[in-house]
Amino acid sequence: MNKRFMALILVVVMTTGLPLTSHAENSSPSPKRDSTELQYQDMLMIVLLPHIEAAVREHYSKSLKEQLIVYPYYVDVTEVKRVNGFRGFHFILTLEAHPTVGPHITVGKDRLVFEVAPTLPDGMVKLVEFQHLETHEVPPHWQDMVK
């Protein structure tokens with residue numbers, strides 16, 4: 001993704017003063033109408049989704065045969081910290097993702113911590129921590145995808 005585009009989205013999201021709140025609950029999206037906050041969170045998910053999916057797929061590849069999908073509306077932003085003070089562009093983001101297989105079958109819940117800054121050596125996003133929180137049972141007719 002273009003670094004300028006990514007930086008623009010992060011700046012807009014992080015400087016609005018709006019808290020980013022959860023909008024992924026269990027197996028269905030909860031917002032019933034659009035809002036500025038939701039638009040900013042969705043823009044942030046566009047930027048972070050490839051990084052989220054890479055980490056989640058690596059973890060679940062040990063236990064599942066099928067490749068997972070992480071839908072942006074199944075990711076909760078649980079915490080945002082600005083590392084270097086007001087108007088600094090170095091952030092620590094904590095997210096909770098609910099990866100799925102097949103027709104939106106959630107297989108677990110995971111916490112991911114990302115460092116986001118324009119000064120990172122390999123790009124603007126770095127996975128700092130991955131923690132598997134929950135494993136969900138897949139339905140009997142999907143058991144053949146379990147290793």
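- The same ILVMFWY cluster, assembled from side-chain heavy atoms under 4.5 Å apart, contains both Val80 and Leu127.
- Taking hydrophobic clusters as Ile, Leu, Val, Met, Phe, Trp and Tyr residues chained together by side-chain heavy-atom distances below 4.5 Å, Val83 does not share a cluster with Leu93.
- Within the structure, the salt bridge (Lys or Arg N to Asp or Glu O under 4.0 Å) test picks out the following pairs touching residues 106-120 (sequence neighbours left out): Glu96-Lys109, Glu96-Arg111.
- Under the 4.5 Å side-chain contact rule for hydrophobic residues, Leu133 and Phe130 do not share a cluster.
- Below 30°, between 30° and 60°, or above 60°: for Phe89 and Phe91 the angle between ring planes is above 60°, a perpendicular geometry.
- In this structure, the side chain of Thr100 engages the main chain of Ile69 through a donor-acceptor pair within 3.5 Å.
- The closest donor-acceptor contact from the side chain of Lys147 to the backbone of Ser61 lies under 3.5 Å.
- Every residue was checked against the ring-ring contact (aromatic ring centres under 6.0 Å, His included) condition with Phe114, not counting sequence neighbours, and none meets it.
- In terms of heavy-atom proximity, Val146 sits nearest to Lys65 at O-CE, 3.7 Å.
- By the side chain to side chain contact (heavy atoms under 4.5 Å, CB included) test, Ser35 pairs with Glu37, Leu38, sequence neighbours left out.
- Of all heavy-atom pairs between His90 and Ala117, the closest is CD2-CB, 3.7 Å.
- Residue Val128 is not grouped with residue Val77 when hydrophobic side chains (ILVMFWY) are merged at heavy-atom distances under 4.5 angstrom, including chains of intermediate members.
- Hydrophobic clustering (side-chain heavy atoms under 4.5 Å, transitive across Ile, Leu, Val, Met, Phe, Trp, Tyr) keeps Leu95 apart from Val113.
- One finds the CG atom of Leu68 at 12.5 Å from the CD atom of Glu58 (value rounded to the nearest 0.5 Å).
- With sequence neighbours left out, the side-chain hydrogen bond (donor to acceptor under 3.5 Å, both in side chains) criterion links Asp34 to Gln39.
- Applying the salt bridge (Lys or Arg N to Asp or Glu O under 4.0 Å) test to every pair with at least one member in residues 44-54, sequence neighbours left out, gives these pairs: Glu53-Arg57.
- A search for side-chain hydrogen bond (donor to acceptor under 3.5 Å, both in side chains) contacts involving Thr135 returns His132, not counting sequence neighbours.
- Nearest heavy atoms, Gly108 versus Pro99: O-CD, 3.4 Å.
- For the side chain to side chain donor-acceptor pair (under 3.5 Å) condition, the pairs that include at least one residue of residues 136-146, sequence neighbours left out, are Thr106-His136, Glu134-His136.
- By the side chain to side chain contact (heavy atoms under 4.5 Å, CB included) test, Lys81 is found to be paired with Glu79, Ile92, residues two or more places apart in sequence or in another chain being considered.
- Looking at Thr36 and Tyr40, their side chains come closer than 4.5 Å, going by heavy atoms from C-beta outward.
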